[in-house]
S.K.: 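Submitted below is the structure of interest, expressed as structure tokens.
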Amino acid sequence: MKNMLHTFKTNAFMFFYIWRQKCGKPYILLKFVLALFSAVFPVVVSVLPGLIINELLAGEVTRRLILYIVLLLMIPLMNSLLNTAIDKLLFSLTEKLTLANLREFYHHVTQMDYETLENPEILDKKQRATDILGNNFVVVDYICNLFSSLLKLALISTIIIALNPFIILLVVLVIFVNSVITKRHDQKKHELEKRVQSQERLQWGVNFMLDMFEYAKEVRLFKIGDFLIDKLINSEKNINREKRKIVKSKSAATSLHAVLSFLNQSVLYIYLVYMVICKGLSIGSMTIFLSAADQFSSALSAVSGSYLKLTANALKISDYQEFISIPQKQFSAGSRTPEFSKNSTIEFRNVSFKYPGSERYALKDVNIVISGEEKLCIVGPNGAGKSTFIKLLTRLYFPSEGEILLNGININEYDYDKYQRLFSPVFQDFSKYYLTLGENVVLADTYDSVRLDAVSESSGISRLVESLPKGYETQVDKWIDKEGFEPSGGEGQRIAIARALYHGGEIFLLDEPTAALDPMAEYEIYTQFHNMITDKCAVLITHRLSAVQLADKVAVFENGSIAEYGTHSELYAEGGIYTEMFNKQAQFYRDNPLGGSAPEADLPDGDDEA
Ligand code: ADP
């Protein structure tokens, strides 16, 4: 009973969700019209041959005989013409419903709290929710099928009751047993499908590494082809092991179903033969009853089939509902409109942070104030908490303790979208979008070409654009287009810098933006960059202390805390960690002069990121 209620409530949720869509109402109404036809027409057609036989037995051509024959011929034709006409309309309505569903789903995905995206439980929910993605309208089909089969059942029952009501009992019993078996199978299948999900994610990852060009180099040089293929084969085997269990459960259900139908048909035939031979039932009536019993059985199967589909669908809808209702805490947090000018301040006040599921503080008691046009440089060894600082600043994560204030107001009180628009980020790992080169910079369909040319010039990609036959229209990645272009690490970083410049936020965030560039190119970019953002705020994380010359203040991070803070001269005069770092690096540059055969010069902290 509880299950039934759940099935009903969950499907009703999706049904009314579709009803509320712009094209949902005509879709549902058309489906009901089709359902009505598909209930009435077969019943009429199944009775007509028996009626014709009975008329023929009378030995003359009556008006009724002609009417029956005309109906028998016309109904299938009308049915097929109506279906074809309505199908055309349904196709475009289905497309609109699918697109609306896709839009809603991915809207939710892109607006979910960033931290939820690394939670495996949520990733599982997301994967299960995609089962219904672009297909949520099937609930209307199932409900209409249920309606049509129930109507058909009611019409046919009136015919069969005239013969023997016990026949109905027999058929109902068979169908009931069948539906119990099928339901058990469906539940088992759903459980097994859940189990294969994590294996499928792993398999997707391995496939990706085997397919994508960016891995091809290392796959060859590290000779990891066989290692990855073995992983792929193993996960395929694990998936198949679970799938075999599904097939086994299905074949048991199908066999039992076939045996029960055989018994049912045998009893019916024996009874009808007895009625014709011993009780004088006419051949025409026997035909009507036979066909009615057949229709009854198929209608009842359809009722239970539609109900079972609704039950299975309810499980999928629940998964979808669960995923889509994961709260977007950050997104809905605040409503204020942020203002940022040269007089603004951003303050970290006693901020500490632990990543979800981690016991260790990634940041501990951080206090710092950044003002409107300040250029702050953050330095420090790997794992010191520099990137985490940026993630908290941009509200990708919440502080575990303390607060971050913009102009004296907690940043969570600001509208999430508007707040994040203040920032123009450049991350070390360049996000390659599978779009054209121009779109990779502007991240939109249309662009201001003067602005695009200016940022290309400043970031040093204009020569690259000129060298490509299709210029900005060149597809990034050869995997999609063989005439596409595969950016090198350095080119990727330049594109990312152009992207941030084009975006033109108030606060530039540069997290190791030049790690893949050589020191000369780095210097050139920093200088151009600095000229372009003189009146902007910038937070720059770097391992290379040459960039520090462009900064007003320097913060040295160590073990999640700010160990030293001040201007370059102040810190250098202190003779602490910063001085040691600077001297070591200066020594490195002296020993390996710029423009010579110097390898990349990074902080001498055993760093492996450059
Ligand atoms: P940095 O940018 O200075 O190299 P990070 O801010 O990336 O340092 O990392 C600070 C600490 O937080 C490190 O110990 C790192 O392992 C940990 N950390 C970073 N990202 C995550 C994450 N998503 N989940 C758990 N721990 C993380």
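Counting starts at 1 for both ligands and their atoms, in listed order. If you're wondering where the values come from, they're calculated on a predicted model, not measured in any experiment. These numbers come from the heavy atoms of this one structure, side chains and all, not from hydrogens, waters or symmetry mates. Residues take their numbers from the sequence shown, with the count starting at 1.
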S.K.: Going through the distances and angles, do Gln321 and Tyr17 end up as a side chain to side chain donor-acceptor pair (under 3.5 Å)?
M.R.: CA-CA 11 Å; Gln321 266 179 311; Tyr17 168 80; over 6 Å; no
S.K.: Can Asn101 and Tyr320 be counted as having a side-chain donor-acceptor contact under 3.5 angstrom?
M.R.: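 A pair is found: one side chain offers a donor N or O, the other an acceptor, under 3.5 Å apart.
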S.K.: What do you reckon, does Gly385 put a non-hydrogen atom under 4.0 Å from ligand 1?
M.R.: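 Distance cut 4.0 Å: Gly385 passes for ligand 1.
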S.K.: Can you list the atoms of ligand 1 that are under 4.0 Å from a heavy atom of Lys386?
M.R.: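 Counting atoms of ligand 1 from 1, those under 4.0 Å from Lys386 are 1 (P), 2 (O), 3 (O), 4 (O), 6 (O), 8 (O).
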S.K.: At less than 4.0 angstrom from any non-hydrogen atom of Arg360, what atoms of ligand 1 do you find?
M.R.: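 Contacts of ligand 1 toward Arg360, numbered from 1: 11 (C), 13 (C), 14 (O).
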S.K.: My understanding is that only residues two or more places apart in sequence, or in another chain, count here; which of them pass side-chain hydrogen bond (donor to acceptor under 3.5 Å, both in side chains) with Thr388?
M.R.: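 Only Tyr355 meet the side-chain hydrogen bond (donor to acceptor under 3.5 Å, both in side chains) criterion with Thr388.
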S.K.: Suppose we screen for side-chain hydrogen bond (donor to acceptor under 3.5 Å, both in side chains). Which residues come up paired with Glu115, at least two apart in sequence or across chains?
M.R.: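 None.
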S.K.: N/O of Ala384 under 3.5 Å from N/O of ligand 1, yes or no?
M.R.: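 By distance alone, the answer is yes.
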S.K.: By number and element, which atoms of ligand 1 are closer than 4.0 Å to a non-hydrogen atom of Asn382?
M.R.: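 The atoms of ligand 1 under 4.0 Å from a heavy atom of Asn382 are 4 (O).
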S.K.: Counting both backbone and side chain atoms, is some N or O of Thr388 under 3.5 Å from an N or O of ligand 1?
M.R.: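 Yes: some nitrogen or oxygen of Thr388 is under 3.5 Å from one in ligand 1.
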S.K.: Does Pro356 approach ligand 1 within less than 4.0 angstrom via side chain, backbone, both or neither, non-hydrogen atoms only?
M.R.: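 Near ligand 1, Pro356 shows nothing, with every heavy atom at 4.0 Å or more.
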S.K.: Using a 4.0 Å cut-off to any heavy atom of Ala362, which atoms of ligand 1 qualify?
M.R.: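 Near Ala362, meaning under 4.0 Å from one of its heavy atoms, ligand 1 has 11 (C), 12 (O).
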S.K.: Under 4.0 angstrom from ligand 1, any heavy atom of Gly380?
M.R.: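 Contact absent.
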S.K.: Looking only at heavy atoms of Pro381, does any of them come nearer than 4.0 Å to an atom of ligand 1?
M.R.: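 Contact check Pro381 vs ligand 1: positive.
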S.K.: In terms of the angle between their ring planes, are Phe348 and Phe389 parallel, tilted or perpendicular, with boundaries placed at 30° and 60°?
M.R.: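 Parallel, since the angle between the ring planes stays under 30°.
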S.K.: Once rounded to the nearest 0.5 Å, what's the spacing between atom CG of Leu571 and atom CE of Met581?
M.R.: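 Rounded to the nearest 0.5 Å, the CG-CE separation comes to 10.5 Å.
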